[in-house]
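What you are looking at is a predicted structure, and each value in this text was computed from that prediction instead of being measured. Per chain, numbering begins at 1; letters A, B, ... match sequence-line order.
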Amino acid sequence: MLTTLKNINALPVRTWRRLGVNGETLDIEFPEPRVFPAPKPALPEGITRAHESVLVCAEFKSALGEELSAYTRVHANAGVRLRALKGRPPTEPITASYTLTAEHPALVDNNVIFAEAHSEITVVLIYGGGAGERGFHSGLTRVIAENCAVVRVVQLQCFDAGTRHFSDFSAVIANGARVELTRIELGAGETYAGCHMKLEGDKSEARTDTFYFGDGTQTLDFNYVARHLGRATKSEMNAAGALFGSCGKTYRGTIDFVAGAGESKGAESENTLLFSENSRNRSAPVILCGEENVEGSHAASVGRIDEGKLYYLRSRGLTETDAKRLMVGALLESAMKNVPESERERLRAVLGERIG
Amino acid sequence: MTKAPLLQIKNLTVAVGEKLILRDLELTINAGETHVLMGQNGTGKSTLASAIMGSPAFDIISGEILFEGENITEESPDKRARRGIFLSFQNPEEVPGVTLENFLRTAKGAVTGEKPRLMQFKKDLRVEMERLGVAETYAARELNVGFSGGEKKKAEILQLLTLNPKLAILDEADSGLDVDAVKTVSEGVSRFRNEGNALLIITHNTRLVEGIAVDRVHVLENKKLALSGGAELMRRITDSGFAGLQTNPDAPRGAPKGDTQ
Ligand SMILES: Nc1ncnc2c1ncn2[C@@H]1O[C@H](COP(=O)(O)OP(=O)(O)OP(=O)(O)O)[C@@H](O)[C@H]1O
Ligand SMILES: [Mg+2]
């Protein structure tokens with residue numbers, strides 16, 4: 001059934017329509033997915049399976065859009081449900097890997113991560129493969145980090161070009177807890193990714209690192225929100241990426257200081273390299289201050305890589321491809337802090353091939 | 001068998017768009033030689049350097065550029081760099097995101113065909129940076145981004161010393177440098193220079209080449225090397241300017257060293 005969804009990746013507070021960043025309206029043919037074949041990850045000591053009901057105690061917001069979020073919850077055909085037990089030492093990352101195929105072209109994964117107080121957990125979600133125009137992914141990851149817990153989620157996306165890819169992330173973060181999201185978006189034809197960090201507890205922290213690569217006629221659309229509710233909370237949102245061809249990218253980053261969030265700090269940065277005159281690069285950094293005693297900052301840098309810069313690098317012996325790989329590779333490195341060593345080389349290779 | 005010159009430029013005519021900048025220019029540089037190129041602003045010195053390096057911004061209308069006897073006129077800049085040609089840019093580009101160290105190591109790997117080992121490379125780089133008076137922290141800074149004019153020039157010389165080419169073209173490597181920095185850069189250039197390589201130094205004054213033995217001096221005027229001579233020509237130009245020079249557009253190429261008349 002074809003559904004028209006409004007307010008995909010909508011800005012929390014609307015701005016001038018002519019900027020074209022308020023949100024997207026999309027026609028989506030939702031698949032009725034069958035169970036997706038994916039091995040259940042082995043769980044180390046200190047981690048058990050969680051029931052979705054653990055989430056009832058928290059109120060999640062969706063940055064991507066409530067309708068999509070609801071679809072993903074109802075039609076999920078995959079996902080991990082994890083509970084990190086109180087006070088246990090950190091374990092190896094827990095990895096789940098999904099590959100789209102002609103037989104299984106649609107992945108809808110609903111992930112739940114519940115970190116009890118003073119626990120630490122890292123989850124790596126790997127997405128790849130494709131099924132031409134039928135390739136579809138909608139993922140939702142909801143996280144509760146109880147007092148002083150640490151949660152790291154790493155999403156590595158290398159879908160084939162035809163794939164439509166939706167990715168939603170929402171976390172509720174308690175006193176002294178920290179949640180970090182890493183997203184490496186290297187593939188898909190259309191990417192819509194949202195992230196909502198709710199810094200509910202005092203001294204809670206959130207961090208996001210996002211890397212994107214766009215070429216051809218790709219669409220990349222991001223909506224990140226850090227909502228500061230507790231006192232002395234901290235958020236950091238970093239995005240970096242490169243645009244080739246006639247792709248279009250929109251990145252929205254909102255730091256929302258709610259009344260009562262005194263002494264909180266939020267910083268967002270975006271670093272974009274433009275290799276093409278035809279690509280469309282839009283950024284909407286927003287800082288909302290409902291509280292006086294806060295510090296919010298944003299830094300955006302857009303580097304136009306023209307023939308002159310490429311010539312300079314080529315005059316030092318680098319081929320044009322070498323030069324592009326060097327520049328874009330540096331951005332990828334900056335986003336891989338939380339990516340397990342074992343995955344980094346593969347991502348570098350995928351990126352290198354996309355540029356070659 | 002006599003060895004081919006390191007660089008030989010024959011009848012080179014270069015244009016940018018509709019505008020002719022160099023016409024039938026001739027120049028020969030042998031290994032072991034240092035040449036100085038002078039000329040008024042806008043006469044085409046940087047254009048000549050760009051043509052030798054293979055800049056896509058200029059069109060070679062006619063003529064040939066030979067390097068070690070091989071025709072490189074149509075070659076890409078990266079191939080020329082791998083042959084051993086280096087240009088210190090008059091206006092070095094800023095490259096966001098790429099650190100000076102990572103760039104140098106990648107470039108070294110590109111010209112030698114083998115990426116240098118990280119620890120040894122770091123060590124060597126630190127030594128050279130210290131000699132050039134470049135603070136260690138610059139290794140981790142983005143290439144030329146936010147560098148001052150003088151810092152960019154030092155970074156170019158650092159690249160020269162790291163890549164160790166056969167032919168180094170220095171396009172106003174001394175402009176914008178303070179007195180001490182000119183000396184440091186000049187010493188760096190001297191360290192690079194040996195019997196097997198060559199220099200083409202584009203400059204407006206003699207300070208950079210003090211302490212470097214100059215073999216030939218050329219003056220670019222009217223789209224070609226209108227006058228060539230020995231080191232004393234440089235002094236005459238800095239003392240009394242270009243106006244007093246008797247230029248001879250048909251001066252023979254490859255005249256013996258020191259011959260100015
Ligand atoms: N991309 C370009 N487009 C148009 N004109 C150009 C371009 N590049 C160079 N020129 C012109 O070519 C001529 C020679 O320029 P060039 O930079 O080679 O001079 P130069 O001798 O190096 O001067 P200076 O001593 O000031 O550095 C100038 O008139 C300049 O304006
Ligand atoms: Mg010049």
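Ion pairing between E333(A) and R348(A) holds under the 4.0 Å rule for side-chain N and carboxylate O. Note on E236(A) versus R207(A): salt bridge recorded, some NZ/NE/NH1/NH2 to OD/OE distance being below 4.0 Å. E128(B) and R131(B) are joined by a salt bridge, as a carboxylate oxygen and a charged side-chain nitrogen come within less than 4.0 angstrom of each other.
Using a 4.5 Å cut-off between heavy atoms, Q159(B) touches chain A through its side chain atoms alone. For N144(B), the part sitting under 4.5 Å from any heavy atom of chain A is the side chain, from C-beta outward, and nothing else. Heavy-atom distances place no part of L310(A) under 4.5 Å from chain B, backbone and side chain included. Heavy-atom distances place the side chain of L163(B), and not its backbone, under 4.5 Å from chain A. When heavy atoms are compared at a cutoff of 4.5 Å, L143(B) approaches chain A solely by way of its side chain, counted from C-beta outward. Residue S50(B) touches chain A through both its backbone and its side chain, counting heavy-atom pairs closer than 4.5 Å. Looking at P92(B), the atoms closer than 4.5 Å to chain A (heavy atoms on both sides) sit in the backbone and in the side chain alike.
Comparing E142(B), R83(B), E94(B), K108(B) by how many heavy-atom pairs each has under 4.5 Å with chain A, the most go to E94(B). Residue with the most contacts toward chain B among T319(A), D322(A), L331(A): T319(A) (heavy-atom pairs, distance under 4.5 Å). Options L313(A), L318(A), N271(A) differ in how many heavy-atom pairs under 4.5 Å they form with chain B, and the most are formed by L318(A). Ranking S315(A), G303(A), A330(A) against chain B, the residue ahead of the rest is S315(A), based on heavy-atom pairs under 4.5 Å.
Looking only at side-chain heavy atoms (C-beta outward), D174(B) and K153(B) stay at 4.5 Å or farther from each other.
Using cut-offs of 30° and 60° for the angle between ring planes, the Y127(A) and H165(A) rings count as tilted. Between F244(A) and F275(A), the ring planes lie parallel to each other; the angle is under 30°, not in the 30° to 60° tilted range.
Stacking of R314(A) on the aromatic ring of Y311(A) is not recorded, the 6.0 Å distance cut-off and the 45° axial limit not both being met.
A side chain to side chain contact (heavy atoms under 4.5 Å, CB included) with P165(B) holds for exactly one of I85(B), L160(B), N197(B); it is L160(B).
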